[in-house]
Amino acid sequence: MKLFVVLPARDESRNIARLLGRIQDAVRPLALDPHIVLVDDGSTDQTVEAARGARFAHPVHVIRFPRNQGVGEALRTGLEAVCRQGDDEDLCFTMDADDTHDPALMGSMVDCLRSGADIVVASRFRPGGGMTGCPAGRRILSSGLSVLMRSVSPRTGITDFSTFYRGYRVDLLRRTLDGGGRRILRGRGFESYTGFLLEAARTADRIDEVPARLDYGRKRGTSKMRLLRTILGQARVAAQTWLACLSASRDAPA
């Protein structure tokens, strides 16, 4: 069984090698065949060179955009590469490339997927999870989105809609991309991945979460997120989700 890790990256030369080392330590006891898919989204620094120079003992497949295309396009490209290379029973993780996620959680997340989950989310909002050193604006955005999305999509059981740290079964990724997933990930903003999660949840039989702490203090460099644009984009996704749920409830037989 292969374990793919998709890393969309832009100007992460100061973080990527350290993250790859932590991933290698985390996957060593899992008895899986790890493959890194690094999607370089128009970096102007030495991100790719730093990744290739890291002491990582497993394949690192690099996809390089000559200019910035946006996180949605980077994720779509990485996930499509996984679906071409992987089998239905393989596993795929997505993570931030800035070393703020803890790869040590992969063990418990893999256990969830092996025991039958289609999706597993590393949630900051489960007991034991949280955020360390996170700017106030991002903390408020993430917490507010969690409350809002839980109110409009309560049946998913998901508490963290904006984290990039998730695991999927590859067969579910294929179904999601072949459904509405490709269109959703055409968006440039961070909200596209919230939409992708909701699309994947529509056909998932089981979704698990594990508590996770995001350690923003590990990040070197500035954030690429544009806060106002992200707030507006996430609000649009929430409104679309609410309207879809409302329409479904009206169409349901009495």
Side-chain angles (χ1 to χ4, degrees), residues 1-10 12 16 19-20 23-24 26-27 30-43 47-52 54 56-97 101 103 106 109-110 112-114 116-122 163-190 192-207:
M1 182 182 289
K2 293 186 285 294
L3 172 66
F4 294 93
V5 183
V6 177
L7 300 174
R10 182 184 176 199
E12 298 292 357
I16 191 68
L19 173 62
L20 289 175
I23 291 174
Q24 180 163 279
V27 300
L30 298 182
L32 292 169
D33 181 18
H35 295 256
I36 302 295
V37 180
L38 175 69
V39 185
D40 181 74
D41 190 14
S43 291
T47 295
V48 170
E49 291 75 12
R52 287 173 171 161
F56 192 74
H58 307 284
V60 178
H61 176 51
V62 175
I63 302 171
R64 200 165 195 173
F65 294 168
R67 62 182 184 276
N68 177 245
Q69 299 292 310
V71 66
E73 188 71 12
L75 282 163
R76 182 191 64 79
T77 301
L79 295 178
E80 286 182 338
V82 168
C83 290
R84 288 193 300 270
Q85 299 172 35
D87 299 318
D88 282 350
E89 66 273 14
D90 291 335
L91 309 180
C92 175
F93 281 76
T94 59
M95 299 176 68
D96 284 336
H101 293 149
M106 282 186 177
M109 295 172 76
V110 165
C112 291
L113 294 167
R114 279 175 162 167
D118 297 299
I119 304 170
V120 58
V121 177
T163 179
F164 275 41
Y165 197 0
R166 305 172 189 162
Y168 301 90
R169 300 188 67 84
V170 170
D171 60 338
L172 180 71
L173 283 181
R174 284 201 175 94
R175 296 199 306 270
T176 304
L177 288 169
D178 290 342
R182 281 187 176 86
R183 172 185 54 79
I184 291 168
L185 290 176
R186 293 290 181 185
R188 290 182 61 86
F190 286 79
S192 61
Y193 205 40
T194 300
F196 185 84
L197 175 61
L198 292 168
E199 182 68 21
R202 291 178 58 224
T203 57
D205 292 324
R206 179 178 138 196
I207 303 171

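Position 1 is the first residue of the sequence, and the numbers go up from there.
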Assess the residue pair T94 and L79 against the criterion (side chain to side chain contact (heavy atoms under 4.5 Å, CB included)); give the C-alpha distance rounded to whole Å, side-chain angles, the decisive distance to 0.1 Å, and a yes or no.
CA-CA 9 Å; T94 59; L79 295 178; 4.0 Å; yes

How about T203 and D118: do any of their side-chain heavy atoms sit closer than 4.5 Å?
no

Does some side-chain heavy atom of H35 sit less than 4.5 Å from a side-chain heavy atom of D33?
yes

In Å, rounded to the nearest 0.5 Å, how long is the span from CE of M106 to NE2 of H101?
10.5 Å

Student check: side-chain heavy atoms of V27 and L32 closer than 4.5 Å:
no

Which residue is it: L172, T176, L113? I am looking for the one with a side-chain contact (heavy atoms from CB on, under 4.5 Å) to I119.
L172

Show the numbers, then the answer: is there a side chain to side chain contact (heavy atoms under 4.5 Å, CB included) between D96 and E12?
CA-CA 10 Å; D96 284 336; E12 298 292 357; over 6 Å; no

Return the set of residues passing side-chain contact (heavy atoms from CB on, under 4.5 Å) with A51 (not counting sequence neighbours), or none when no residue passes.
I16, L20, L38

Nearest 0.5 Å, please: how far is CZ in R169 from CG in D205?
10.5 Å

Cationic tip of R166 above Y193 ring, under 6.0 Å, 45° of axis:
yes

Using modelled atom types only, decide if a donor and an acceptor are shared between the side chain of N68 and the backbone of G42 within a distance under 3.5 Å.
no

Quick one: are T77 and F65 in side-chain contact, heavy atoms under 4.5 Å?
yes

If you round to the nearest 0.5 Å, how far is CG of L173 from CG of D90?
10.5 Å

List the steps and the verdict of side chain to side chain contact (heavy atoms under 4.5 Å, CB included) for K2 and Q85.
CA-CA 10 Å; K2 293 186 285 294; Q85 299 172 35; 5.6 Å; no

For the residue pair L7 and L19, establish whether any side-chain heavy-atom pair is separated by less than 4.5 Å.
yes

Would you check if the side chain of T47 reaches a backbone N or O of R10 as a donor-acceptor pair within less than 3.5 Å?
no

Parallel under 30°, tilted from 30 to 60°, perpendicular over 60°: which one fits the rings of F196 and Y168?
perpendicular

Compare every heavy atom of P103 with every heavy atom of A26, then report the nearest pair and how far apart it is.
CB-O, 3.2 Å

Does a sphere of radius 6.0 Å around CZ in R114 hold more than 12 heavy atoms from other residues, nucleotides or ligands, not counting ones at 6.0 Å or beyond?
yes

Would D41 and V39 count as a side chain to side chain contact (heavy atoms under 4.5 Å, CB included) if you check the C-alpha gap in whole Å, the side-chain angles of each, and the deciding distance to 0.1 Å?
CA-CA 6 Å; D41 190 14; V39 185; 5.5 Å; no

Would you say the side-chain atoms of R182 pair up with the backbone N or O of R76, donor to acceptor, closer than 3.5 Å?
no

Can you tell if the side chain of P34 reaches within under 4.5 Å of the side chain of V5, non-hydrogen atoms only?
no

Heavy-atom closest pair (S43 atom, A9 atom, distance to 0.1 Å) is OG-O, 3.9 Å

Please report the interatomic distance CG(L185) to OG(S192), rounded to the nearest 0.5 Å.
5.5 Å

At what distance, to the nearest 0.5 angstrom, does CE of M109 lie from CZ of F93?
4.5 Å

Is there a donor-acceptor contact under 3.5 Å from the side chain of E199 to the main chain of G179?
no

Decide yes or no for D87 and V170: does some side-chain heavy atom of the first lie under 4.5 Å from some side-chain heavy atom of the second?
no

Side-chain heavy-atom pair H58, I23 within 4.5 angstrom cut-off
no

